[in-house]
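Input: a single structure, listed below in structure tokens.
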Amino acid sequence: MSNRYPESEVIYTPESRLRHPWQLIRAMGRDLLAARELAWRLMVRDISSQYRQSFLGIFWAFVPPIVAAAGLTLASNADILNIGETDLPYPVYVLFSMSLWQTFVESLNGPVQAVIAAKPMLARINFPREAIILSQLGQVGFNFAIKLLLIVSVFLWFKIPVAATVILAPVALLHLVALGTAVGLLLAPLGALYEDVPRGLTLVVSAWLFITPVIYPPPQTGLFSYLVRLNPVSPLLVTTRELATTGVLSAPVGFWLASGLAIVGLGASWLLYRIAMPFVIERISA
Amino acid sequence: MMEPQFDDLQDAPLTRGDDIVLSVKGVSKKFCRSLKQSLFYGLQDIGAELIGSRQQQRTLRPNEFWALQNVSLTLRRGEAVGLVGANGSGKTTLLRMISGLIKPDSGTIRVRGRVAPLIALGAGFSPILTGRENIYANMSILGLSTAEIDARFDQVVEFAEIGEAIDAPVQSYSSGMAARLGFACAIHTDPDILLIDEVLAVGDARFRSKCERRLSELLQQGTSFVLVSHFFQGILNICQTGIYLAQGRLMASGSARDIMDQYEQDLFSVKRERAAFPFLLPPKSPQDSAGADLVSIYFKDAVGRLMEVPVSGEPVYICVRCKALRPLNALSLFVAIYQPAKDNSLALHMSSAYDQETFAVSPGEYELRVFLPHLGLLPGSYTLNVYLKEGSLYVLDAYESLRFSVKGHEKLNRGQYYQPREWQITPK
């Protein structure tokens, strides 16, 4: 018989787990390690069932940034849209920024959607709750890898020079994903209870795009530029883009502030997620 | 509140402190009747947990009720305990707290070892993926590493009897195949404690008995079970001890057979008082009558004496007194007997019309009866439905759910029915 954990005893009490923070943190670390293999399985399961049901497959990962880039370029060329000067050719600028923005949005929506999709499983089996989040992050990474194919081909096509700092770009990108995941993870338990959350999130994301320098370069003056600069996504996204292309950073301070926010926020959200899930599960299942 | 006493069991393992794998002490859980309020209370609870103020909960908020109140139980290695109780008595809630899905509102649960819930068979099955891929995903969710799944893979496929279909998508499986696969995955996780919630009704009878065999193997290897079932025989086959819950409270605990008997008795007392025999029906006005009316229902023994409680294996007459208001060509009697303790399943169905026995009668009162040389029903509680018909379809009058019980000379409520028999031996 399985005597793999002869000494392990789990105790469930009504007491708040925050009263024993050290135990809680150890349990979080243990579950994160235990969740790796399951997360991989879930990711493979989700990605393969997604692509097995699709005729065009990864084509769908390319289409949205291409359509956005084409549409905006046409509008800009026809002087319908007055964008101003970008440090890259405009189609490349939009395509690259759009891919980064979408990666952020995926990491933001991911935890909420993953928890909602896993409701039946969550309600019945006690597996490390971190697994569905890790699996979601894996899928964000997978999708970005596909987008990267597109970005590289466009860079080659337009003969865009790439600075040596490009090797640091993944770090900035990770901070961007961390910020998205922090917000998503914060909302995930709430989203499993109230449908208002996923709906509201869709609305917020579309508004958020307009105060992020994705389809326009960062504005330098006016109230609007103030708004854009307050948006923590802006420095992370802009820095990722600059590290990959020019190598000249326009907002290093903002970048570190936003990164700090992302990392601390991620830890806090994880704690909240962990604490809240048993109560959420209690309320979502019949 | 009664504390469970398992010590009166002869076959219980010796009491050794480290043998206890599960200990539930004074556990309560409250639920809310209104969904909207329930969600809001959920937020409140999360808030209280976050500021660390959450403690033992003793009071109910508006619209809340105790789904489980002050329940205790102890489970030792290799022991099986059966949970019985009506729907909503808190059985599943208890299992969900033991598996750590939800937190108790008061009390403590200590679990030692790996718990496998046989609650959600095939959790995480994706219909698009093949059986092979789903086995890996599902067993991973149940807590096995890839190496452990590799080692068990062939056993699972063999147990599930999937064969060639293992590489076909699960959406092409029959519901029985998918359920078998789910069960096979769950049962091959080698848990220390197995929580089984009404899942033994998977697949056909042959597969069910295979599952029961596998469960008893696990039991002998030292796995402990908590089994929830409405199906009495299932609990009696596997469990030595039983726990009876009603409306969230622990009513009794003890040997499985005693608990089953008590549960069965209570199942009736809440429904209707035992009828007095002969059972008299209220007279009908002629305009309500369809041509013949039931007057009374009763049992008689072999020599024609009225009897309240028929005896298993003895001769009995089931009699119906009826009044025909007009001439009838083909008066017939249908008798159906149900067992509420076994999901109200039909235990016996007899029809004089199907037996090609119908009676031509002129107006007047009659006693219509069926003679059973040996009553095949086992001791227990039953309900009786009688239908007075013209031919096999036209219902003249009917009475349903008349409660009665059958007693026996010895305690023989194992098996399905009473078999008349003689024991013999001859020297050869």
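In what follows, every heavy atom counts, from backbone to side chain, and hydrogens, waters and symmetry copies are set aside. Below, read A as the first sequence line, B as the second, and so on, with proteins coming before strands; counting in each chain starts at 1. Given the structure is predicted, the values throughout are model-derived calculations rather than measurements.
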Between Val111(B) and Tyr12(A), does the side-chain contact (heavy atoms from CB on, under 4.5 Å) criterion hold? Intermediate values first, please.
CA-CA 8 Å; Val111(B) 182; Tyr12(A) 303 113; 4.0 Å; yes
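- Both the backbone and the side chain of Leu193(A) come within contact range of chain B, each with at least one heavy atom under 4.5 Å from a heavy atom of that chain.
- Of the possible donor and acceptor atoms, one in the side chain of Glu37(A) sits under 3.5 Å from a partner among the backbone N and O of Thr146(B).
- Formation of a donor-acceptor pair under 3.5 Å by the Gln53(A) side chain with backbone atoms of Ile128(B) is not found in this model.
- For a residue to count as touching a neighbouring chain, one of its non-hydrogen atoms must lie under 4.5 Å from one of that chain's; by this rule Lys29(B) touches chain A with the side chain only.
- Between Val280(A) and the choices Asp45(B), Leu43(B), Ile102(B), Ile46(B), the side chain to side chain contact (heavy atoms under 4.5 Å, CB included) rule is met once, by Ile46(B).
- Here the closest non-hydrogen pair linking Lys36(B) and Tyr194(A) is O-OH, 4.3 Å.
- More than 12 heavy atoms of other shown residues, nucleotides or ligands fall within 6.0 angstrom of atom CZ in Arg52(A).
- Side chain of Lys103(B) to backbone of Glu282(A): no donor-acceptor contact under 3.5 angstrom is found.
- At a threshold of 4.0 Å, the pair Glu133(B)-Arg45(A) does not count as salt-bridged, since none of the basic side-chain nitrogens sits closer than that to a carboxylate oxygen.
- The heavy-atom pair separating Glu64(B) from Arg283(A) by the smallest distance is OE2-NH2, 4.4 Å.
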Kindly indicate, with the supporting measurements, whether the criterion side-chain contact (heavy atoms from CB on, under 4.5 Å) is fulfilled by Val10(A) and Arg110(B).
CA-CA 6 Å; Val10(A) 188; Arg110(B) 287 165 184 270; over 6 Å; no
Check the pair Asn126(A) / Val115(B) against side-chain contact (heavy atoms from CB on, under 4.5 Å), numbers first and verdict last.
CA-CA 9 Å; Asn126(A) 192 2; Val115(B) 178; over 6 Å; no
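- The shortest heavy-atom contact between Ser126(B) and Ser49(A) is OG-CB, 3.7 Å.
- Heavy-atom distances place no part of Met139(B) under 4.5 Å from chain A, backbone and side chain included.
- Open room surrounds CH2 on Trp40(A); 12 or fewer heavy atoms of other groups in view lie less than 6.0 Å from it.
- With a 4.5 Å cut-off on non-hydrogen atoms, Leu271(A) does not touch chain B at all.
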Applying side-chain contact (heavy atoms from CB on, under 4.5 Å) to Ile11(A) and Ile109(B), what does each step give before you reach the verdict?
CA-CA 6 Å; Ile11(A) 305 174; Ile109(B) 299 173; over 6 Å; no
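- With rounding to the nearest 0.5 Å, the separation of CG in Leu144(B) from CZ in Arg41(A) is 11.0 Å.
- In this structure, chain A has heavy atoms under 4.5 Å from both the backbone and the side chain of Tyr41(B).
- Across all non-hydrogen atoms, the minimal contact from Gly107(B) to Pro14(A) is O-CD, 3.1 Å.
- Residues Met121(A) and Ile141(B) have side chains in contact (heavy-atom distance under 4.5 Å, counting atoms from C-beta outward).
- The number of heavy atoms from other shown groups lying within 6.0 Å of CZ (Phe40(B)) does not exceed 12.
- To the nearest 0.5 Å, atoms CG (Asp105(B)) and OG1 (Thr13(A)) are separated by 11.5 Å.
- Using a 4.5 Å cut-off on side-chain heavy atoms (C-beta onward), Pro117(B) and Ile125(A) make contact.
- Using a 4.5 Å heavy-atom threshold, the side chains of Pro278(A) and Leu101(B) count as separate.
- For the atom pair OG (Ser16(A)) and CD1 (Ile51(B)), the distance works out to 9.0 Å, reported to the nearest 0.5 Å.
- In this structure, no portion of Arg36(A) lies under 4.5 Å from any heavy atom of chain B.
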